[in-house]
Amino acid sequence: ALPISDNKNNWRFRFMLAEQLTGLCSFSGAEEISNQVAPLTLSLAIDRVCDVRMAAVEAMGGVLARLKQLAPDTDILAKVFVDRLVSQFADSNKWVNRQTFVALCHHLLAKKVVSLERFSQILLPRLLRLAKDKVVNIRLSVAKSMNDLLIAFGLKKAISMYK
């Protein structure tokens with residue numbers, strides 16, 4: 001494992017590392033991504049610096065896309081990764097992790113990493129639960145993501161997918 005926390009003040013190193021993880025996935029197999037890169041993205045996604053977290057969100061999208069690409073039939077590693085994302089971020093007691101989950105949902109939709117059907121089944125219920133979060137900024141982030149969802153996929157289709 002890479003020592004990403006050797007220097008707590010070196011957030012730029014962690015930021016550059018997060019930015020390069022998606023590219024690293026293109027040179028790795030599914031097992032390496034699942035065992036090495038995915039845990040690293042999860043670790044960077046809980047960083048105290050927002051820029052590092054947002055770069056890690058993009059890397060998580062890249063990890064998920066590559067896992068789906070490498071094993072399109074089984075998709076088991078991608079499912080395990082999504083389950084970890086939900087448990088670590090959507091269900092977190094820390095508001096910053098819940099806000100990271102909202103950013104991740106927005107990224108996955110914007111980049112079309114997950115289909116609308118899959119998103120509606122797995123991530124949308126958690127996202128909608130965060131719409132009633134006690135932290136205002138999380139509710140605002142959810143509202144922005146939902147607005148983008150409605151614009152990107154159309155109101156009727158989005159509503160029919162959730163029913």
Side-chain angles (χ1 to χ4, degrees), residues 1-6 11 13-131 133 138 141-142 145-146 148-149 152-153 157-158 161-162:
L2 294 172
I4 62 170
S5 61
D6 280 350
W11 69 268
F13 169 76
R14 298 188 309 272
F15 175 74
M16 288 190 314
L17 176 63
E19 283 188 317
Q20 296 176 17
L21 289 177
T22 301
L24 183 64
C25 289
S26 63
F27 301 111
S28 305
E31 290 295 323
E32 291 84 15
I33 293 171
S34 182
N35 294 332
Q36 302 295 322
V37 181
L40 191 53
T41 61
L42 292 171
S43 176
L44 289 168
I46 59 171
D47 197 273
R48 59 188 164 93
V49 177
C50 182
D51 286 343
V52 175
R53 290 192 308 270
M54 293 306 105
V57 162
E58 290 189 27
M60 287 188 284
V63 165
L64 185 57
R66 183 69 174 151
L67 287 173
K68 287 172 49 180
Q69 179 186 20
L70 290 172
D73 298 331
T74 60
D75 210 20
I76 189 73
L77 293 176
K79 289 177 185 173
V80 169
F81 185 59
V82 169
D83 288 344
R84 288 182 68 190
L85 294 175
V86 169
S87 66
Q88 183 170 338
F89 295 100
D91 299 334
S92 177
N93 291 330
K94 295 184 178 182
W95 71 268
V96 72
N97 292 347
R98 296 191 307 273
Q99 191 168 39
T100 300
F101 179 77
V102 175
L104 176 65
C105 288
H106 185 267
H107 176 76
L108 294 177
L109 281 175
K111 299 297 180 182
K112 297 185 170 125
V113 176
V114 295
S115 69
L116 185 59
E117 293 172 29
R118 218 45 208 275
F119 180 83
S120 298
Q121 293 169 354
I122 300 168
L123 300 173
L124 185 60
R126 302 297 177 116
L127 186 62
L128 291 175
R129 191 176 322 148
L130 292 176
D133 198 272
I138 294 174
S141 296
V142 171
S145 292
M146 294 305 297
D148 291 349
L149 168 69
F153 296 104
K157 187 171 183 178
M161 294 302 293
Y162 185 65

Side-chain heavy-atom pair Ile46, Gln88 within 4.5 angstrom cut-off:
yes
Before accepting this row, confirm whether a basic side-chain N of the pair Asp47/Arg53 lies closer than 4.0 Å to the acidic partner's carboxylate O.
no
Does Phe89 form a side chain to side chain contact (heavy atoms under 4.5 Å, CB included) with Leu42? I'd like the steps, not just the answer.
CA-CA 9 Å; Phe89 295 100; Leu42 292 171; 3.7 Å; yes
Given 3.5 Å as the limit, does a donor-acceptor pair link the side chain of Arg126 with the main chain of Ala90, or not?
no
Compare every heavy atom of Asn97 with every heavy atom of Ser92, then report the nearest pair and how far apart it is.
OG-ND2, 3.1 Å
Provide the closest heavy-atom pair for Met146 versus Leu127 in the form atom of the first, atom of the second, distance.
SD-CD2, 3.8 Å
Would Asp51 and Arg14 pass as an ion pair if we require N to O under 4.0 Å?
no
Side-chain donor or acceptor of Glu32 paired with backbone N/O of Gly29 under 3.5 Å:
yes
Contact between Ser115 and Phe119 at the side-chain level, heavy atoms closer than 4.5 Å - yes or no?
no
Is a donor on one side and an acceptor on the other found under 3.5 Å between the side chain of Thr100 and the backbone of Val96?
yes
Using side-chain heavy atoms (C-beta onward) and a distance below 4.5 Å, is Val80 in contact with Leu67?
no
Measure the NZ-CG distance between Lys68 and Leu70 for me, rounded to the nearest 0.5 Å.
12.5 Å
Taking every heavy atom of Ser120 against every heavy atom of Pro125, the minimum-distance pair comes out as O-CD, 3.3 Å
Indicate yes or no for a side-chain donor-acceptor contact from Lys111 to the backbone of His106 under 3.5 Å, with no hydrogens or angles considered.
no
Considering all heavy atoms, the nearest Phe101-Leu85 contact:
CD1-O, 4.3 Å
Taking all atoms of both residues into account, what is the closest heavy-atom pair of Gly61 and Val113, and its distance?
O-CG1, 3.7 Å
For Leu21 and Leu44, run side chain to side chain contact (heavy atoms under 4.5 Å, CB included): C-alpha distance rounded to whole Å, both residues' side-chain angles, the deciding distance at 0.1 Å, then the answer.
CA-CA 11 Å; Leu21 289 177; Leu44 289 168; 3.7 Å; yes
Compare all side-chain heavy atoms of Glu31 with those of Leu77 and state whether any distance is below 4.5 angstrom.
yes
Residues that Arg98 engages under salt bridge (charged side-chain N to carboxylate O under 4.0 Å, His left out), provided they are two or more places apart
Asp133
Under 3.5 Å donor-acceptor, Ser145 side chain and Ser141 backbone:
yes
Of all the heavy-atom pairs spanning Ile33 and Pro39, show the shortest one and how long it is.
O-CD, 4.2 Å
Using side-chain heavy atoms (C-beta onward) and a distance below 4.5 Å, is Arg118 in contact with Lys79?
yes
Check against side chain to side chain contact (heavy atoms under 4.5 Å, CB included), Leu17 and Leu40:
CA-CA 9 Å; Leu17 176 63; Leu40 191 53; 4.2 Å; yes
Walk me through it: do Phe81 and Val63 pass the test side chain to side chain contact (heavy atoms under 4.5 Å, CB included)?
CA-CA 9 Å; Phe81 185 59; Val63 165; 3.8 Å; yes
Nearest 0.5 angstrom please: Gln36 CD to Thr41 OG1, how far?
11.5 Å
Taking atom types as modelled and ignoring hydrogens, do the side chains of Gln69 and Arg66 form a donor-acceptor contact shorter than 3.5 angstrom?
yes
Return yes if some donor-acceptor pair links the side-chain N/O of Ser28 with the main-chain N/O of Leu24 below 3.5 Å, else return no.
yes
